[in-house]
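Structure first, commentary second.
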Amino acid sequence: MLDIKLIRERPDFVRERLLTRGGGDERKIDEVLSLDEKRRNLLGEVEALKALRNKVSKEIGAMMAQKKLAEAEVKKTETRAIGERIVELDRAVAAAEQSRDEVLLRLPNIPHSSVPLGQSAADNPVVRSWGSQPQFGFRPKTHVEMCEQLKLVDFARGTKLTGSGFLLYTNLGARLERALIQFLLDLHSTSHGYVEVSPPFMVKSECMVGTGQFPKAIDQAYAVQEGEDKTTLGKLYLIPTAETPVANIHREEILKEADLPINYCAYSPCFRAEAGAAGVGTRGMIRVHQFDKVELIRVVNPAHGYDELEKMVGHAEAVLQKLGLHYRVIQLCTADLGFTSAKTYDIEVWAPGQKAYLEVSSCSNCEDFQARRMNLRYKSEAGDNRYPHILNGSGTALARLFVALIETYQQSDGSVIVPEPLRPYLKSDRLAAS
RNA sequence: GGAAGGGUGGCUGAGUGGUUGAAGGCACCUGACUCGAAAUCAGGCGUAGGAGCAAUCCUACCGGGGGUUCGAAUCCCCCCCCUUCCGCCA
């Protein structure tokens, strides 16, 4: 959530920055300002009345103590009307505040000044790349062919169980998935200084608001119903990423400055309705409704937010380097930036069977945008409460990593060589049809 | 799910309708004393919103929400959480 004070004091700056996103949100600034002014006017009015009521009530108390009962009764009768007016105005203030916040909660974050201007994803610059596209002496297969031949994933039965976009990993496929999760968690927790956590896979709507999925993207979430109790429907949501529960761990808290930075890594399945994406890359494992991911979350001092973002990208890149997978890092331009992010790098891994780069990580600094929504603060050395920067990065998403891995390491005989770092986890150096 | 007890400031712990944003203690900060420290003494010490150039002032907050009242931490209703016991259960 943007700071209402910033909008009040520098509306032109906010409008100009939002304009670079191309979403038309800058047009809502006037609405926010007028709702905010309405709220403040009502607030001033009701607070003056409350001050009056408090004063009179004390006077009544004093009269009662002096046994001037008749006089007190007269005052009480006079004051009754003030109370009624206060109730009305309180409701009006709450309504104005709610209207203001409804608009405010749907405004995206302001892009950082270092983010390149652009009109679409086509304008995202490539920052660097690592390795090179592997060459094959044969036509490389797609992961779909390979999964079927090696029986790594049973697409048909996954669909039978739940529907399209849900995967049934089988045998060595299931083992590989589990090996990858463990490899990733071990790497980040032992080599990169992240504390491993294992969060709930369902959260309350407050958490979804905190990390920015709600209210705007509520159509992308799966809501849960408890047993036959229909009143519970919509109270809990399946998480679209571990970022949601993990970034909210300290919501409503005031941390100490010395507690920062806080670094968490977590595995979770991710549930995404992908509403409106039907028909787009629906075949195979590239775009599914449930996938595994290891997420990195950092809560840092704002002074170091952007240095820490660079480091976090490095942590995600280390995954692909260790696995020997060719990738490139791109920076999202203003038009492609996610709702909560001020600056984002995406990491795209090369998948030879797809002849395409697949996004396996997105690393963002959301600055204080999420901290403000979840009321997460830290007490500075100076003694005042401030909002920390919250960073999130995939380290990395699994279904696509799985794809890149088997497509990259496929052999002419149809088997897959397992890269060195995974062998201890998989207890095998090769995936082959049995 | 049932029963009982309980949720007050960083901690502890008073407070059952009227200068209580909240006694006392601990912790913390500043000053005095001291070569320095400890002890002691004096003062300070919550969060948020609003008005104001500022000093400062006002409003709200005692788990959350609603109600009664001129006035609620205190009374009433609903909900949440914690502890213990019982039931159920991987």
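Just the heavy atoms: all of them, side chains too, but no hydrogens, waters or symmetry mates, feed the values below. Naming convention: chains lettered A, B, ... in sequence-line order (proteins, then strands); numbering from 1 in each chain. Only a predicted model underlies this, so the values are computations on that prediction, with no experimental measurement involved.
- Close to B:U19, at under 4.0 Å from its OP1 or OP2, lies no side-chain N or O of A:Asn54.
- Nucleotide B:C41 is matched to B:G31 when pairs are restricted to Watson-Crick or G-U wobble geometry with both distances under 3.5 angstrom.
- Taking the nucleotide of RNA chain B with the nearest heavy atom to each of A:Asn385 and A:Ala51, the more 5' of the two is matched to A:Asn385.
- Counting non-hydrogen atoms under 4.0 angstrom, A:Arg91 reaches the backbone sugars and phosphates but no base.
- A:Arg8 comes within 4.0 angstrom of the backbone, heavy atoms only, and of no base.
- The nearest whole Å value for the distance from the CG atom in A:Asp90 to the P atom in B:U59 is 13 Å.
- Residue contacts shown for A:Lys379 are limited to sugar-phosphate atoms, with no base heavy atom under 4.0 Å away.
- Taking atom C1' on both B:C11 and B:G67, the two are 34 Å apart, rounded to the nearest angstrom.
- At least one donor-acceptor pair closer than 3.5 Å links the side chain of A:Thr232 to the backbone N or O of A:Glu226.
- For the pair A:Arg53 and B:C70, the criterion of a side-chain N or O lying under 4.0 Å from OP1 or OP2 is not met.
- Between the side chain of A:Arg400 and the backbone N or O of A:Glu359, at least one donor-acceptor pair lies under 3.5 Å.
- Of the nucleotides present, none pairs with B:U68 by Watson-Crick or G-U wobble criteria with both distances under 3.5 Å.
- A heavy-atom distance below 4.5 Å is found between the side chains of A:Lys204 and A:Leu236.
- A:Arg40 places its CZ atom 13 Å from the C1' atom of B:G52, with the value rounded to the nearest Å.
- Atom CD in A:Glu206 sits roughly 18 Å away from atom P in B:C79 (whole-Å rounding).
- Straight-line distance from the CG atom of A:Asp36 to the C1' atom of B:G50: 11 Å, rounded to whole Å.
- Counting any heavy atom pair closer than 4.0 Å across all strands shown, A:Ser57 reaches a base atom.
- Ring to ring, A:Phe369 and A:Phe339 are close: their centroids are under 6.0 angstrom apart.
- The nucleotide B:G17 finds no pairing partner, because no Watson-Crick or G-U wobble arrangement with both distances shorter than 3.5 Å includes it.
- The partner of B:A3 is B:U84, judged by Watson-Crick or G-U wobble contacts that both fall below 3.5 Å.
- Within 4.0 Å (heavy atoms only), A:Ile60 reaches at least one base atom of the nucleic acid.
- Across the strands present, B:C57 finds its partner in B:G50; the criterion is a Watson-Crick or G-U wobble pair with both atom distances under 3.5 angstrom.
- In this entry the distance linking CG of A:Leu42 with P of B:G49 reads 18 Å, nearest Å.
- Within the nucleic acid shown, A:Lys50 comes within 4.0 Å of sugar-phosphate atoms alone, with no base atom in reach, counting heavy atoms only.
- Across all strands, A:Lys5 comes closer than 4.0 Å only to sugar-phosphate atoms, never to a base (heavy-atom distances).
- When both distances must be under 3.5 Å, the Watson-Crick or G-U wobble mate of B:A22 does not exist.
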If you apply the rule salt bridge (charged side-chain N to carboxylate O under 4.0 Å, His left out), what do you find for A:Arg85 with A:Glu88, and how did you get there?
CA-CA 5 Å; A:Arg85 180 68 182 143; A:Glu88 282 173 32; 3.0 Å; yes
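- With B:A48, B:G18, B:G49 as the choices, the nucleotide that has an atom nearest any side-chain atom of A:Arg377 turns out to be B:A48.
- Between the P atom of B:C81 and the NZ atom of A:Lys235 lies a distance of 10 Å, rounded to the nearest Å.
- Between the A:Arg373 side chain and the A:Leu105 main chain, a donor and an acceptor come within less than 3.5 Å of each other.
- In this structure, A:Asn41 places its CG atom 9 Å from P of B:A51, rounding to the nearest Å.
- To the nearest whole angstrom, the two P atoms, one in B:G24 and one in B:C76, are 29 Å apart.
- The distance from atom CG of A:Asp384 to atom P of B:U47 is 9 Å, rounded to the nearest whole Å.
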